[in-house]
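Reading through the structure tokens given below for one structure.
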Amino acid sequence: MSRAWTAEAFYTQLEEPPALAEHTQHVREFVARQGAEGRKVVLVTSGGTTVPLEKNVVRFLDNFSAGTRGAASAEYFLEAGYAVIFMSRQFSQFPFTRWYSHTTNPLFDLLEEPAEGEERVRVSQDHVKGLLPILHSYHEAKRRGRLLTVPFVTVIEYLFLLKNVSEAMAPLGRHGMHYLAAAVSDFFVPTDKLSEHKIQSDNQSLTLQLEPVPKVLGALVDSWAPDAYVVSFKLETDDKMLIPKAERSLRNYGHHLVIGNLLQRRKYEIVLVEPHDHTWIRLPSPPAAPPHEIERDIVAAIAERHQAWIASV
Ligand code: PMT
């Protein structure tokens with residue numbers, strides 16, 4: 001029988017992920033350092049979450065999210081002067097390195113093979129102009145200690161981290177922002193229902209019973225970080241559902257803003273849904289080259305609202 005998990009039951013009945021205490025400590029130290037310097041801090045969650053089907057995990061359920069939205073937004077938040085806690089799915093897109101990853105723009109295509117006897121690898125001249133500003137921003141974020149990364153893989157890890165990171169950010173008050181772009185699984189298999197070892201096929205069909213993941217945004221808004229500025233995302237594939245569902249989320253959780261996006265048009269069209277307002281942000285389609293990313297406009301719009309909200313006390 002399937003259980004209806006409350007957030008409280010989830011956090012008390014499931015076992016904490018092994019690295020939770022260590023990540024939480026890093027976040028506390030980061031927050032204390034940034035807070036002492038009066039800096040705004042944003043938590044950016046990014047990428048999909050997995051749902052393991054075995055304890056010794058061979059198979060898992062996953063979703064489409066590559067973490068592009070989160071990684072790009074993190075870069076623009078850094079540019080806007082924020083310190084960033086980048087909580088992302090391991091091996092999904094990462095700020096700065098995303099420009100040269102995977103198959104679209106492989107890093108090795110930038111590098112020239114050295115002549116015989118030479119031990120220095122050079123960036124080919126055609127790529128220097130594109131690479132330099134990215135390399136500079138990457139090193140600057142590192143040098144100034146403005147970017148903290150916190151990895152997760154499973155939905156259980158994500159939810160435990162979200163709670164602890166949010167609580168660790170509470171001392172920032174209004175200077176803290178939550179920008180929840182991760183695509184979080186709505187269903188999971190609780191640990192006590194997982195097969196210990198690889199599920200055997202034996203030529204039989206497999207029936208899975210998944211349980212609903214508890215909604216935790218209400219707890220974040222009401223108790224974990226009650227003074228923070230909270231932005232959630234709503235992804236739909238049917239455009240008729242987008243605004244009603246974003247509005248429903250705002251009503252249910254009482255946070256500040258929902259960014260609505262459609263799977264098919266998410267890279268060049270989003271809507272900012274606030275209690276009394278909808279604001280569309282649209283890029284020309286297809287995007288112009290050199291690319292103007294929609295995340296640049298999203299972050300500018302959100303940072304302005306966050307600042308107005310800080311100033312309104
Ligand atoms: O990564 P990319 O490929 O670039 O794609 C980006 C994106 C499309 C994934 C991103 O823009 C996006 O829309 N992310 C949110 C996807 C979504 O609709 O999530 P959701 O419906 O599961 O959650 C909506 C909100 O409910 C979330 O902000 C979340 O904090 C909240 N929630 C979710 C799960 C959960 N257990 N409890 C919650 O309260």
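Just follow the structure's listing: the first ligand is 1, and inside any ligand the first atom is 1. Worth saying up front: this structure is predicted, and the values here are computed from it rather than measured.
Of the candidates Val184, Val221, Leu159, it is Val184 that places a heavy atom closest to atom 33 (C) of ligand 1. Between the choices Gly260, Ala183, Ser249, Ala181, the shortest heavy-atom distance to atom 14 (N) of ligand 1 belongs to Ala181.
Taking a 4.0 Å cut-off on heavy atoms, Ser185 fails to register as neighbouring ligand 1.
Taking atom 1 (O) of ligand 1 as the reference point, the nearest protein heavy-atom neighbour is Ser65 OG, 2.6 Å. The single protein non-hydrogen atom nearest to atom 13 (O) of ligand 1 is Asn261 ND2, 3.0 Å, given as residue, atom name and distance. Nearest non-hydrogen protein atom to atom 39 (O) of ligand 1 is Leu217 N, 2.8 Å. Looking from atom 24 (C) of ligand 1 to the surrounding protein, the closest heavy atom is Phe233 O, 3.1 Å.
Through ILVMFWY side-chain contacts below 4.5 Å, Met241 is grouped with nothing and stands alone. Val57 belongs to a hydrophobic cluster with Phe60, counting contacts under 4.5 Å between side-chain heavy atoms of Ile, Leu, Val, Met, Phe, Trp and Tyr, direct or through other members.
In this structure, atom 8 (C) of ligand 1 has protein heavy atoms in its sub-4.0 angstrom surroundings.
The local environment of NZ in Lys55 is crowded, with over 12 non-hydrogen atoms from other residues, nucleotides or ligands closer than 6.0 Å.
Taking only nitrogen or oxygen atoms, main chain and side chain alike, Gly67 reaches within less than 3.5 Å of ligand 1.
At a 4.0 Å heavy-atom cut-off, ligand 1 touches Arg266 through the side chain alone.
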